[in-house]
S.K.: 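Following this message is one structure expressed as structure tokens.
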Amino acid sequence: MFLPVTSFRLDGNLGGELNTGIDDILLGGPAAVPEASDALLVGTGLFAAARRRGRHP
Amino acid sequence: LLWEAPCNLHPHRALCFRDSCDVRCRISGRYLVQLRSRLRSRDDAALVDNFESFSPKDVNLPSAVSGGITYTPTGTGTNVVVASPGYTNFGAGVNPTTTSILTASGNEDFVGVLTSPASPSGFDVFLNGLGPASATFFNGATLLGRSCSQRVITSNSLDSQ
């Protein structure tokens, strides 16, 4: 799973002589949403566990 | 670390996609427009701040909050300031500036902390041509990606190219 950005850093150079800077911040949504395949795997595992418990109360 | 490489051509935008972080090089204006389009559409990113409505501008601040991001000086940086359009002390090709820019008096070393984690992330970088500048992306203390570059970018002209 990818990690979303929580912070960023700009390190300029000789900014006292000529400025550097940033503009136009673009951000996506809160990331780290599980993929559909991941959810399917989890669901399958839970279903299998439930069936196993059903056989051996 | 997902992606790291020096960028010695014509950098423009620091980007952190869901699978990689880098500063894209300016190969052509059209290429940059495609990159911006990619970030906005395919990766569902949106412009959240251009500093135009920030207040107060042109004032040295110990920190600044804008667009859900808290900016704080680091390293040799001692302040942050949002510069109004019209400044002529930026790198060649962007003077006088025509947009509001987050910068500093002195060296521009600052960190931006997001209120909510986000991916992808990106921003325009104004360089001064005097040496390398780097943009680094983190998840907590984990380094996601970093790039540096040395050329001045006229980001204001990109959309019209």
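Proteins come first, then strands; the chains are lettered A, B, ... in the order of their sequence lines, and each starts at number 1.
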S.K.: Donor-acceptor pair, A/Ser7 side chain versus B/Gly112 backbone, under 3.5 Å?
M.R.: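 Side chain of A/Ser7 to backbone of B/Gly112: no pair is present.
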
S.K.: Does a side-chain heavy-atom distance below 4.5 Å link B/Ile69 with A/Leu27?
M.R.: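 Yes; the side chains approach each other to less than 4.5 Å.
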
S.K.: In the structure I gave you, are the side-chain heavy atoms of B/Ile101 and B/Tyr87 within less than 4.5 Å of one another anywhere?
M.R.: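 No, side chains not in contact.
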
S.K.: Taking non-hydrogen atoms and a cut-off under 4.5 angstrom, which of residues 49-56 of chain B neighbour chain A?
M.R.: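 The residues closer than 4.5 Å to chain A, in numerical order, are B/Asp49, B/Asn50, B/Phe51.
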
S.K.: Between A/Leu10, A/Thr6, A/Asn19, who has the most heavy-atom pairs with chain B when the cutoff is under 4.5 Å?
M.R.: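 Answer, by heavy-atom pair count under 4.5 Å with chain B: A/Asn19.
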
S.K.: If you look at every heavy atom in B/Ser105 and B/Asn60, which pair is closest and at what distance?
M.R.: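 Closest approach of B/Ser105 to B/Asn60, heavy atoms only: OG-OD1, 2.8 Å.
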
S.K.: Against B/Phe126, only a single residue in B/Thr99, B/Leu102, B/Thr103 fulfils side-chain contact (heavy atoms from CB on, under 4.5 Å); can you say which?
M.R.: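 Option passing the side-chain contact (heavy atoms from CB on, under 4.5 Å) with B/Phe126: B/Thr99.
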
S.K.: Could you look at B/Ser100 and say if it's the side chain, the backbone, both or neither that has a heavy atom under 4.5 Å from chain A?
M.R.: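 Just the backbone, heavy atoms under 4.5 Å.
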
S.K.: Nearest 0.5 Å, please: how far is CG in B/Leu47 from CD1 in A/Ile25?
M.R.: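 Result: 8.5 Å between the selected atoms.
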
S.K.: Counting heavy-atom pairs closer than 4.5 Å to chain B, which one of A/Leu18, A/Thr20, A/Leu14 comes out on top?
M.R.: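 Ranked by contacts with chain B, first place is A/Thr20.
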
S.K.: For the candidates B/Asp109, B/Thr72, B/Thr74, which exhibits the highest count of non-hydrogen atom pairs separated by less than 4.5 Å from chain A?
M.R.: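 Ranked by heavy-atom pairs under 4.5 Å with chain A, first place is B/Asp109.
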
S.K.: Please check if the side chain of B/Asn139 supplies one atom and the backbone of A/Pro4 the other of a donor-acceptor pair under 3.5 Å.
M.R.: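 Yes; at least one donor-acceptor contact below 3.5 Å.
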
S.K.: A side-chain contact here means heavy atoms from C-beta on lying under 4.5 Å apart; do B/Tyr71 and B/Val82 qualify?
M.R.: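 Heavy-atom side-chain distance check fails, nothing below 4.5 Å.
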
